[in-house]
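What follows is a set of notes on a single structure, which appears directly below.
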Amino acid sequence: MSCASSESPRRIALVDCNNFYVSCERVFAPQLAHRPVAVLSNNDGCVVARSEEVKALGIAMGTPFHEIRALVKSAGIAVYSSNYALYGDMSARVMQVLAQFTPRVEPYSIDEAFLHFTGWEDARLTEHAQHMVKTVRRWTGIPVSIGIAPSKVLAKVANRVAKQQRLPGGVCQLTDPALHPAILAQMPVGELWGIGKRWTQRLQALDIHTAQQLRDSDPSQLRARFGVVMQRLIYELRGVSCLDTEALTPPKQQLIASRSFGRPVTELTALQEAVASHVARAGVKLRRQGSVTQALVVFIQTNRFKQEAFPYHQAVTLRLPAPTADTGKLIGYAVMGVKALYRAGLRYKKAGVMLLNLAPAQQIQLDLLHPGDDERSRRRMQVVDQLNAKMGNGTLRFAREGWQQPWQMRQAKRSPAYTTKWEELPRV
DNA sequence: TCTGGGGTCCTAGGACCC
DNA sequence: TCTGGGGTCCTAGGACCC
């Protein structure tokens, strides 16, 4: 196992946007401040973001929306469908502001980034971070919290402390090891970054209940039981940085595009349309990162929550004769895959595709019998992508994606794409 | 009626090779 | 009568994350 050898100790800040999706909605709807606000997952299925007021009402992350309809009404909760055009754009703005404070920004998710301040004076870090919090708020409208520590896992812990205890300026600095035991002893082991449900149960069975107890456990013993990931986590808790600190996000190795349907789908052609449109979305992502794919997985499934007479959940993997980034070719394979999977008489709930074995378009092995995408194909896809980027998604699409698309997901309460569509600019 | 979508890393075991 | 040992690659599945 390779952990950081000690030159100067690492200083890692985790910047996390508070209730990110809710905060994005509030930026353009100031009347929502201090009101309970919730944002739903795709298809308006589950609650995926909650304002503090909603958390106080006892609504858990991931609660199915239909379970809380009554409460939504009685408590006057403002509910929104997910608006990824807005959240993605706001995320990019926040990251851009953060980049002004250090060149080493490592985005981790849509609402989080690790920033590297190794070599800075500890005495100046809190103040510097507080300045970041203020600047992000002023320039984007998004509130953030920051945790600073010698490792990523401890930076996560610090961030949680900053949020929970509402520390001044939204910042918690845990660079002094003397502060760690008291805080880790208060923290249930299951709330650590990297410890999920299963591991929590297994750790508790070993009488390890708090983060401090895990920190004090024997790393090699726990490695034998849980694997190297757990060993690294223990070192991270001890302030020894073991996790990668890559500044560059490497290209994805696989891409998934899938959706639940707004209502059950029974027809083969409708399933093929839906899958074709998922392929088109995956294709855009594929080309954006300059990759080609060598294998395609298609899957369709019935409603897993329902007692169906015939629960059906099947996938087929298609190895492509030559690597490609051409949506047209991929759709051709995908609709064949759907046909092979399709059983008449079932009510399908969800379908999707995965692109696997991605490789850089520049470095593919050439095959005399199965040449890859030719120049015409590349230029065609380039035109499609550019046009859709300029005129809006779906402006130019493949006929196989269908026109009416009655299977589209529900999105009844979506706010406007305030920042990415001219027609939807906010009026002042 | 209604229950999201998109990722990563690690490990174990089988196939195959020398 | 006898039937090794070690390496690599691939895949499936399990764990985790937001």
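Chain A is the first sequence line, chain B the second, and so forth, proteins listed ahead of strands; every chain is numbered from 1. Values below: every heavy atom of this structure, side chains too, minus hydrogens, waters and symmetry copies.
- The side chain of A:Ser260 contributes an N or O atom lying less than 4.0 Å from OP1 or OP2 of B:dG5.
- Within the nucleic acid shown, A:Arg263 has no heavy atom closer than 4.0 Å to any nucleic acid atom.
- Going from the C1' atom of B:dC17 to that of C:dG4 covers 14 Å, rounded to whole Å.
- A:Arg232 has no side-chain polar atom (N or O) that falls below the 4.0 Å cut-off from OP1 or OP2 of C:dC16.
- Closest to the side chain of A:Lys252, from the set C:dC16, B:dT8, B:dG5, is B:dT8.
- Of the candidate nucleotides B:dC2, B:dG5, B:dG4, B:dC2 has the atom lying nearest to any side-chain atom of A:His66.
- Taking 4.0 angstrom as the limit, A:Lys349 places none of its side-chain polar atoms (N or O) nearer than this to OP1 or OP2 of B:dG4.
- The residue A:Gln254 sits close to a base: some heavy atom pair falls under 4.0 Å.
- For A:Arg319 and C:dT11, the shortest distance from a side-chain N or O to OP1 or OP2 is below 4.0 Å.
- A:Ile195 comes within 4.0 angstrom of sugar-phosphate atoms only, judged by non-hydrogen atoms across all strands, and of no base.
- Picking from B:dG6, C:dA15, B:dT3 the nucleotide with the shortest atom distance to the side chain of A:Trp199 gives C:dA15.
- The heavy-atom pair separating A:Ser217 from A:Leu222 by the smallest distance is CB-CD1, 3.8 Å.
- Here the nucleotide nearest the side chain of A:Asn42, chosen from B:dT3, B:dG7, B:dG4, is B:dG4.
- For the pair A:Lys350 NZ and B:dC2 C1', the computed distance is 16 Å after rounding to whole Å.
- When each of A:Pro64 and A:Arg281 is assigned the nucleotide of DNA chain B with its nearest heavy atom, A:Pro64 is the one assigned upstream, toward the 5' end.
- For A:Leu243 and C:dC16, the CG to P distance is 16 Å, given to the nearest whole Å.
- Within the 4.0 angstrom heavy-atom criterion, no nucleotide atom of any strand lies near A:Leu233.
- Heavy atoms of A:Leu255 sit under 4.0 angstrom from primed sugar atoms or phosphate atoms, though from no base atom.
- Exactly one of A:Tyr418, A:Tyr87, A:Tyr80 qualifies for a side-chain hydrogen bond (donor to acceptor under 3.5 Å, both in side chains) with A:Glu25. That residue is A:Tyr87.
- Taking only side-chain atoms of A:Val228, from C-beta outward, the nucleotide of B:dC10, B:dT3, B:dG5 with the closest atom is B:dC10.
- With A:Tyr312 as the aromatic partner, A:Arg343 does not meet the cation-pi criteria of under 6.0 angstrom to the ring centre and within 45 degrees of the ring axis.
- Within 4.0 Å (heavy atoms only), A:Arg225 reaches no atom of the nucleic acid at all.
- For the pair A:Lys350 and A:Phe261, the NZ or CZ position fails the cation-pi test of under 6.0 Å to the six-membered ring centre and within 45 degrees of the ring normal.
- Side-chain polar atoms of A:Gln411 and A:Asp44 form no donor-acceptor pair below 3.5 angstrom.
- A salt bridge is defined here as a Lys NZ or Arg NE, NH1 or NH2 lying under 4.0 Å from an Asp or Glu carboxylate O, and A:Glu106 with A:Lys152 meets this definition.
- Proximity of a side-chain donor or acceptor of A:Asn19 to a complementary backbone N or O of A:Val22 within less than 3.5 Å is not detected.
- Spacing between atom CG of A:Leu192 and atom P of C:dC16 amounts to 12 Å, rounded to whole angstrom units.
- Look at CG on A:Leu222: it is 16 Å from P on C:dA15, rounded to the nearest Å.
- Computed from coordinates, the A:Tyr84 OH to B:dG7 C1' distance equals 13 Å when rounded to whole Å.
- A straight line from CD1 of A:Ile68 to C1' of B:dC2 spans 12 Å, rounded to a whole angstrom.
- Mapping A:Ile256 and A:Tyr21 onto DNA chain B by nearest heavy atom places A:Tyr21 at the nucleotide closer to the 5' end.
- Rounded to an integer number of Å, the gap from A:Met230 CE to C:dA15 P is 12 Å.
- Across all strands, A:Asp44 comes closer than 4.0 Å to no nucleic acid atom at all (heavy-atom distances).
- Of all nucleotides listed (B:dC2, C:dC18, B:dG6), B:dC2 comes nearest to the side chain of A:Arg69.
- Within 4.0 Å of A:Phe226, counting heavy atoms only, lies no atom of the nucleic acid at all.
- Among the nucleotides B:dG6, C:dC18, B:dT3, the one closest to the side chain of A:Ser258 is B:dG6.
- We find that CZ of A:Arg410 is positioned 6 Å from C1' of B:dC2, with the value rounded to whole Å.
- Across all strands shown, the partner of C:dT11 is B:dA12, judged by Watson-Crick or G-U wobble contacts whose two distances both fall under 3.5 Å.
- Here C:dC18 is the nucleotide among B:dG6, C:dC18, B:dT3 with the atom lying nearest to any side-chain atom of A:Lys156.
- Here CD1 of A:Ile256 is found 5.5 Å from CD of A:Gln254. Values are rounded to the nearest 0.5 Å.
- Distances were taken from every side-chain heavy atom of A:Gln253 (C-beta onward) to each of B:dC9, B:dG6, C:dC18; the shortest belongs to B:dC9.
- Using a 4.0 Å heavy-atom criterion, one finds that A:Phe65 contacts no nucleic acid atom at all.
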